[in-house]
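Working notes, structure below.
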Amino acid sequence: MDPGDLVLRGGRVFDPAAPRPLDQVADVKIANGRIVEIGRGLVGGRMIDVRDLWVVPGLIDLHVHLREPGQEYKEDIETGTRAAAAGGFTQICCMPNTKPVNDQKSVTQLILLRARQAGIVRVRPIGAITQGLEGKALADIAEMKEAGIVAISDDGRPVMNAGLMRRAFEYARTFDLPVVQHAEDLDLSEGGAMNEGAVSTRIGIRAQPACAESAMVARDLEIVEWTGARYHVAHVSTARTVALIRDAKRRGLNVTCEVTPHHLALTDEACSHYDTRAKVMPPLRTTADQEALLEGLVDGTIDCIATDHAPHSPVEKDVEFECAAPGMLGLETALPIILDFVRMGTLDDKRAIAALTGGPARAFGLPGGGLTVGAVADICVIDPERPYTVGGSGGDALKSKSHNTPFLGQTLAGRAVLTLLDGRPVHDLDGRFR
Ligand code: DOR
């Protein structure tokens, strides 16, 4: 479909992460896939009324598991990117723990090809740090970089060998690639299925201590200081990790990090009835951790919100808690969960949107994430109060192939009602383009 000449009329045009932050009621005119004008009284071939809605940059998610190639029964690039568009995202980074692992250019190329064929949102692959995610030898980072990766990570597993991590930092630095660590010291976590604390003791589940995460981050920061690399901590979950990153930033290290909506919204109490949908890695923590994560997000220690969208089928989830695969869906619930903090007054709307747009773009150096004249028209239109029953009927049905979210059936509020990629609708909840 030709994007044509289009005006989004009368919305709250909102780009808090821009160098000159934008927040005004205005029209946005789009032509040939780009924003050509922002102002009042604009006219175009097609007028779309977005009064009382927020018009923000397309959301960006640095942490998604698309499961293709290899585990298409959980998700594939088409369904995963459709879920992304429904959640308001226009750009997502996908983790390399596919089958085969994205540790070589042929896999990177395949992912990019499939994403182009689906044509729903921009997919930026993350390459593996080590071959097969085995933590033994570096993957072919140079050829993957040439093929289009935007970062490297062994996500799902940490790089336990400190010497190898040093080499990864040094190598990645020559390509200016961020190294994304799944921070978990396996000698401390010992396969624990949830957070170690009062709840794990009460329900008798083998658990892992918070220091399994922070000990790994502390180690990595020493190596980052030595090598001068770009370091990004995935899914930060503990108060101690937030404190370490705050201090590292103060010292001027090149460090960024992300928090997931589920670590902000839930605690290990969600596991107390052995609900495997609440099993994630890193595990849900305590109220004190939750408070520290929110504080870190508010003061900018935490750069961005990333979903860790991790689809699993009943085969992996309808089993005993300790045997269940970790992970929950995130793309379609991130926005309403985060908007809940805005409604409660614990997070302001500017910080929330910045952490979903310009924040992640800057952390990985991605294009997009802004609403400026001349920019590509990747746009998310949000109704901040729209009720949304997760996995409900009609427009509330999940686009993801999987249903593993503890929010299933809950009614949240706030949704992307329209997502534009290059000015073209890739999600249109109310049929404004029909
Ligand atoms: O909960 C998680 N699920 N954490 C990870 O690090 C990996 C992910 C997955 O791939 O399912």
Side-chain angles (χ1 to χ4, degrees), residues 61-77 79-80 83 92-103 111 125-130 132-133 135 151-160 179-186 189 191-195 205 207-208 212-213 216-217 232-238 241 257-266 268 270-271 275-285 306-319 321-331 333-334 400-407:
D61 190 349
L62 300 185
H63 195 141
V64 173
H65 297 273
L66 287 175
R67 305 299 190 211
E68 184 178 354
Q71 293 185 309
E72 290 84 352
Y73 67 99
K74 300 183 184 191
E75 193 79 286
D76 60 37
I77 289 171
T79 58
I92 60 177
C93 299
C94 60
M95 285 297 176
N97 62 340
T98 46
K99 289 184 178 171
V101 168
N102 183 14
D103 60 2
I111 293 167
I126 295 175
I129 300 174
T130 68
L133 307 177
I152 52 172
S153 180
D154 273 4
D155 183 64
R157 298 185 198 174
V159 176
M160 277 294 283
V179 180
V180 181
Q181 176 71 293
H182 170 113
E184 175 184 347
D185 184 317
L186 298 174
S189 63
M194 66 177 292
N195 182 56
I205 291 285
Q208 54 173 281
E213 176 177 290
M216 183 58 98
V217 172
H232 180 85
V233 186
H235 40 49
V236 169
S237 71
T238 77
T241 304
C257 69
E258 66 192 34
V259 65
T260 71
H262 52 266
H263 286 106
L264 285 167
L266 302 171
D268 52 2
C271 306
D275 183 351
T276 59
R277 296 173 308 176
K279 179 175 176 182
V280 283
M281 269 325 134
L284 299 173
R285 306 285 186 182
T307 67
D308 196 3
H309 178 82
H312 289 295
S313 82
V315 175
E316 292 85 21
K317 283 295 195 182
D318 289 353
V319 294
F321 194 89
E322 292 191 3
C323 302
M328 70 171 77
L329 302 182
L331 287 166
T333 47
S400 174
K401 258 187 209 177
S402 291
H403 290 79
N404 55 306
T405 163
F407 297 98

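In listed order, ligands and their atoms are each counted from 1. All values derive from a computational prediction rather than experimental measurement.
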Would you say ligand 1 has an N or O under 3.5 Å from any N or O of G327?
-> yes

Nearest option to atom 3 (N) of ligand 1, as decided by whichever heavy atom of A325, P326, P311 sits closest = P326

What do you reckon, does H312 put a non-hydrogen atom under 4.0 Å from ligand 1?
-> yes

Contact region, H182 to ligand 1, non-hydrogen atoms below 4.0 Å, reads side chain

Is the closest heavy atom of H235 to ligand 1 under 4.0 Å?
-> yes

Atoms in ligand 1 with a heavy atom of V280 nearer than 4.0 Å = 1 (O)

Going by the atom numbers of ligand 1, which of them fall below 4.0 Å from some non-hydrogen atom of D308?
-> 2 (C), 4 (N)

Could you point out which residue of T98, L66, N102 forms a side chain to side chain contact (heavy atoms under 4.5 Å, CB included) with P125?
-> N102

Partner residues of P314 under the side chain to side chain contact (heavy atoms under 4.5 Å, CB included) criterion, sequence neighbours left out | D318

Taking the side chain as every heavy atom from C-beta outward, state whether Q208 and P283 have any atom pair closer than 4.5 Å.
-> yes

Rounded to the nearest 0.5 angstrom, the CZ-CG distance for R277 and L266 is 11.0 Å

Could you tell me whether ligand 1 has any atom less than 4.0 Å away from a heavy atom of K74?
-> no

Considering only the protein, which heavy-atom contact is closest to atom 11 (O) of ligand 1, and what is its distance?
-> R67 NH2, 2.7 Å

For atom 7 (C) of ligand 1, which of G156, P158, A234 has the closest heavy atom?
-> G156

Could you find the nearest protein heavy atom to atom 8 (C) of ligand 1 and give me its residue, atom name and distance?
-> H65 NE2, 3.6 Å

Is there side-chain contact between T260 and T307, with at least one heavy-atom pair below 4.5 Å?
-> no

Non-neighbouring partners of K401 that pass salt bridge (Lys or Arg N to Asp or Glu O under 4.0 Å), sequence neighbours left out | D76

Qualifying residue, where the test is side-chain hydrogen bond (donor to acceptor under 3.5 Å, both in side chains) with N97 and the options are Q71, R157, H65 | H65

Are E75 and H309 side-chain neighbours, meaning at least one heavy-atom pair lies under 4.5 Å?
-> yes

Kindly confirm or rule out an N or O of A310 lying under 3.5 angstrom from an N or O of ligand 1.
-> no

Can you find a pair of side-chain heavy atoms, one from D308 and one from H262, that are under 4.5 Å apart?
-> yes

For ligand 1, indicate whether the residue M281 contacts it via side chain, backbone, both or neither (heavy-atom separation under 4.0 Å).
-> both

